[in-house]
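Working notes, beginning with the structure itself.
Small disclaimer: the values here were computed from a predicted structure and weren't measured. First the proteins, then the strands, lettered A, B, ... as listed; each starts at 1.
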2 protein chains.
Amino acid sequence: MADETQTPTTVIRNDPWYDSYAQRADAMRASEIRALFAVATRPDVVSLAGGMPYLDYLPFKELSQLIAKMLVDKGDQAWQYGSAQGDPHLREDVLQIMELEGIKDIQADDVVITNGSQNGLDLITRIMCDPGDVVLAEAPNYVGALGVFQSFQVDVVNVELDKDGLVPESFEEAIISQRKLGKKVKFLYTVPNFHNPAGVTMSVERRPRVLEIARKYHVLVVEDNPYGLLGFEGQTYPALRSMDAENVVYLSSFSKIIAPGMRIAWMVAPAGIRHKLILANEASILCPPNMSQMTISTYLDNFDWRKQINDYRGMYKERCETMDAALRTYLPYCSWHKPKGGFYIWLKIPEGLDSKAMLPRAITAKVAYVAGTGFYMDGQGSDHMRLSFCYPTPEQILEGVRRLSTVMDAERKTIELFGAGRRQGKGTDGGW
Amino acid sequence: MADETQTPTTVIRNDPWYDSYAQRADAMRASEIRALFAVATRPDVVSLAGGMPYLDYLPFKELSQLIAKMLVDKGDQAWQYGSAQGDPHLREDVLQIMELEGIKDIQADDVVITNGSQNGLDLITRIMCDPGDVVLAEAPNYVGALGVFQSFQVDVVNVELDKDGLVPESFEEAIISQRKLGKKVKFLYTVPNFHNPAGVTMSVERRPRVLEIARKYHVLVVEDNPYGLLGFEGQTYPALRSMDAENVVYLSSFSKIIAPGMRIAWMVAPAGIRHKLILANEASILCPPNMSQMTISTYLDNFDWRKQINDYRGMYKERCETMDAALRTYLPYCSWHKPKGGFYIWLKIPEGLDSKAMLPRAITAKVAYVAGTGFYMDGQGSDHMRLSFCYPTPEQILEGVRRLSTVMDAERKTIELFGAGRRQGKGTDGGW
């Protein structure tokens with residue numbers, strides 16, 4: 001999933017309906033990433049902010065011709081209403097994709113197609129969470145998930161993340177302490193592979209342990225896996241869902257491995273939950289777009305999508321290497337964990353610097369990033385920033401990091417001269 | 001909007017998550033229309049049940065070629081993430097459509113694109129309604145809206161409908177009596193043109209009166225208008241939104257006037273509400289599919305869509321005439337109001353008959369309809385059924401009504417012989 005949509009951040013004054021909104025509407029606000037969009041997309045700014053995939057490896061021309069043919073041959077289906085669960089053909093298609101991460105025990109009937117994984121997160125939260133219920137989530141956390149949880153008035157409780165991903169002990173402690181407080185813990189939300197924004201991957205050793213805890217306390221695990229096939233060496237990790245069919249709701253998406261413009265993702269869930277997801281999907285959007293679903297199937301059925309994903313991997317690997325090298329050259333006083341896949345580097349900046357306060361100066365220097373504060377709900381994160389290497393070219397990445405270094409160098413000089421400004425809070429990470 | 005999606009209606013037994021769901025999930029259930037889908041789509045059954053548009057008038061071949069060209073020329077946009085408010089080009093496009101119903105004072109910035117109007121109804125309910133809040137709605141009512149209201153635990157309070165549409169006095173009385181009960185009335189939901197299922201249209205005289213009441217009591221009006229351009233004589237009616245910019249949220253859709261397979265609809269709302277709708281859209285689906293939006297724009301920009309809508313009108317008019325004539329021939333003991341546009345006839349059946357109880361026998365006789373009970377939340381409606389003339393050909397309509405008459409004739413004979421079974425409740429209509 002990503003965070004590239006443009007949302008106006010204007011505050012509306014003198015709204016005559018001010019007193020009429022639902023309580024949940026109070027919790028909705030534009031994320032820091034959206035607020036940044038207008039400036040970050042100016043052509044003279046190098047944006048290391050967005051999470052847009054780079055799509056030039058797609059066979060646009062050939063694919064477009066096949067889509068045209070599909071629309072003529074199967075127009076009566078493509079232009080018409082479809083099933084709330086999603087097109088059976090596409091539900092069959094995704095089985096082969098999930099097999100790559102070890103999910104082999106399922107059928108098309110187990111799958112629900114959603115309007116992007118954002119819609120999937122909305123649906124699972126909608127059916128599981130009353131206001132005040134608790135969702136446990138890695139901190140930092142995917143900003144779009146935080147937006148959904150906020151909009152359903154969920155209490156998000158942080159679970160620790162280190163270089164090997166989610167810390168199982170922290171997960172167990174969070175369950176115990178929340179239950180002591182009388183809270184209902186509805187699920188753990190985790191992005192196990194190439195985490196957004198942290199870049200880390202849950203180690204294979206930890207996975208059974210996380211599931212064991214989930215079973216012990218009867219807590220559902222929501223496994224969000226948009227990046228799993230984008231390991232730079234072609235490596236994959238066994239999905240949590242491949243180890244436990246009863247306690248995991250699995251989400252994946254075509255947005256990062258093919259393209260996001262169709263807004264097509266999918267979920268796999270235990271039968272009772274799946275049944276409610278389909279009802280909720282119907283109430284939410286009636287059905288996912290047939291045209292989009294059949295476009296994806298047309299692509300999967302006619303092209304070597306495994307090779308294309310491999311090309312994507314190679315491209316993202318090169319960009320990650322470029323960013324890692326540039327950081328070592330220009331920002332040696334920062335620290336980061338070099339990711340093994342995905343889109344992001346989570347950069348720890350020197351003590352005394354504040355990524356949120358510094359952002360306007362970075363924009364002035366024509367480079368954009370996302371301040372770490374956007375990935376927490378509790379005000380943490382000013383000691384980090386997220387840098388994306390997915391969309392900019394290697395040249396742009398190099399130039400962007402160079403610009404960033406001029407800003408950070410100047411900040412550090414100011415601090416040396418005048419002493420640190422606002423002290424940053426303690427981060428949750430162990431220095432990775 | 002429509003109700004053609006397939007939702008499994010299986011009850012899940014021994015669900016280990018049974019105790020974990022949100023309260024709102026308890027209220028979600030498959031509508032009677034969805035439950036019917038599997039049988040109604042059997043090829044030997046004439047379905048007068050669904051609300052699928054008949055799409056053969058679209059220039060599939062030429063349009064598909066232009067879409068292929070658009071996907072190549074603008075692939076970097078069509079395949080990529082987009083704006084949560086919707087594509088600016090499409091938001092500009094819809095202005096000319098709304099002009100046809102008198103909405104002239106708006107700009108592209110006032111428009112929000114949604115993933116079908118179902119998504120729009122979800123968003124407005126999400127931002128306005130806490131559990132227990134009241135929505136006033138015509139009874140009978142569009143089944144998809146009822147599904148949304150249920151899923152947000154809203155109390156739906158019926159407002160009377162007669163042959164001239166919503167009864168203003170009933171609207172005012174409902175506000176007064178609900179406020180006396182201490183209830184928060186969040187909005188009036190109305191389908192003013194060619195109502196689903198009732199087929200009636202709010203008279204032009206009543207429109208200012210409804211708005212006057214809304215202003216007097218500061219109650220928002222949600223105007224849902226998917227059928228407004230499908231008046232059989234090409235007639236249109238001034239949108240409520242054209243008379244009041246501050247108190248109306250307007251929804252319309254391409255699903256009925258072009259095709260539903262892209263799932264693209266739009267909303268217009270006062271600034272404060274619009275701002276929250278965009279945030280909610282982002283939390284719900286991130287952004288509507290660019291590919292779908294640009295497909296609609298490609299169509300609008302390159303084809304004579306006014307002529308195509310006119311062709312649709314002529315086709316639906318013929319089908320409505322056929323159904324009306326068939327009903328007069330085969331079911332003279334029923335009563336109905338002949339609609340002036342749209343997709344549906346709302347048929348009152350003779351006293352003693354129960355449309356819900358009769359349905360299995362109708363399916364056995366190879367004709368499907370929707371029992372009136374699906375359009376109420378309070379158990380009413382067994383004295384009516386909804387017959388759709390949109391999708392079946394005139395020949396199928398004739399045959400469907402004939403089959404229906406054999407079922408109803410037999411029912412009546414049984415009643416004559418053995419006396420009426422279960423007594424039906426009093427309907428809300430005045431016999432139209």
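The line from OG of B:S255 to CH2 of A:W79 is 12.5 Å long, rounded to the nearest 0.5 Å. Taken from CD in A:Q118 to CD in B:E282, the straight-line distance is 7.5 Å, to the nearest 0.5 Å. In this structure, the separation between OG on A:S117 and CD1 on B:I285 is 13.5 Å, given to the nearest 0.5 Å. Of the inter-residue distances, the one linking A:W17 atom CH2 with B:M128 atom CE reads 6.5 Å to the nearest 0.5 angstrom.
When A:S292, A:G75, A:A25 are compared by the number of non-hydrogen pairs under 4.5 Å with chain B, A:A25 comes out ahead. Highest contact tally toward chain A, considering only B:A265, B:S284, B:G147, B:G120, is held by B:S284 [criterion: heavy-atom pairs under 4.5 Å]. Ranked by heavy-atom pairs under 4.5 Å with chain A, the list B:D26, B:N247, B:I127 is led by B:I127. Contacts with chain A were tallied for B:E246, B:K184, B:Q77, B:M70; B:E246 has the most, counting heavy-atom pairs under 4.5 Å. Your options are B:A259, B:P260, B:A68, and the one with the most heavy-atom pairs under 4.5 Å with chain A is B:P260. Contact tally against chain B (heavy-atom pairs below 4.5 Å) for A:N290, A:N115, A:V72, A:D76: the top residue is A:N115.
Side-chain atoms of B:P53 and A:Q80, non-hydrogen and from C-beta on, do get closer than 4.5 Å to each other. Side-chain contact between A:C287 and B:R263 is present, with at least one heavy-atom pair separated by less than 4.5 Å. Between A:S20 and B:H218, some side-chain heavy-atom pair lies under the 4.5 Å cut-off.
In this structure, chain A has no heavy atom under 4.5 Å from any part of B:D109. A:T125 touches chain B through its backbone: at least one of N, CA, C or O sits under 4.5 Å from a heavy atom, while the side chain does not. Heavy atoms closer than 4.5 Å to chain B are found in both the backbone and the side chain of A:A280. Heavy atoms closer than 4.5 Å to chain B are found in the side chain of A:S151, but not in its backbone. With a 4.5 angstrom heavy-atom cutoff, A:V185 does not touch chain B via any of its atoms. There is no contact between B:F254 and chain A, counting heavy-atom distances below 4.5 Å. Residue A:L63 touches chain B through its side chain alone, counting heavy-atom pairs closer than 4.5 Å. The part of A:I67 that comes within reach of chain B is its side chain, from C-beta onward, which places non-hydrogen atoms under 4.5 angstrom from that chain. No part of B:V112 comes within reach of chain A, as not one of its non-hydrogen atoms sits under 4.5 angstrom from that chain. For a residue to count as touching a neighbouring chain, one of its non-hydrogen atoms must lie under 4.5 Å from one of that chain's; by this rule A:P270 touches chain B with the side chain only.
Within residues 54-62 of chain B, the residues approaching chain A closer than 4.5 Å by heavy atoms are, in numerical order, B:L55, B:F60, B:K61.
When all heavy atoms are compared, the tightest approach of A:A283 to B:V148 is O-CG2, 3.3 Å.
The closest donor-acceptor contact from the side chain of B:R24 to the backbone of A:C129 lies under 3.5 Å. Judged by distance alone, with hydrogens and angles left aside, the side-chain atoms of A:D130 form a donor-acceptor pair with the main-chain N or O of B:Q23 at under 3.5 Å.
With sequence neighbours excluded, the residues that form a side chain to side chain donor-acceptor pair (under 3.5 Å) with B:Y21 are B:D15. Listed by chain and number, the residues in a side chain to side chain donor-acceptor pair (under 3.5 Å) with A:D122 are A:R126, B:R126 (sequence neighbours excluded). Applying the side chain to side chain donor-acceptor pair (under 3.5 Å) rule to A:D133 yields the partners A:K186; only residues at least two apart in sequence or on another chain are considered.
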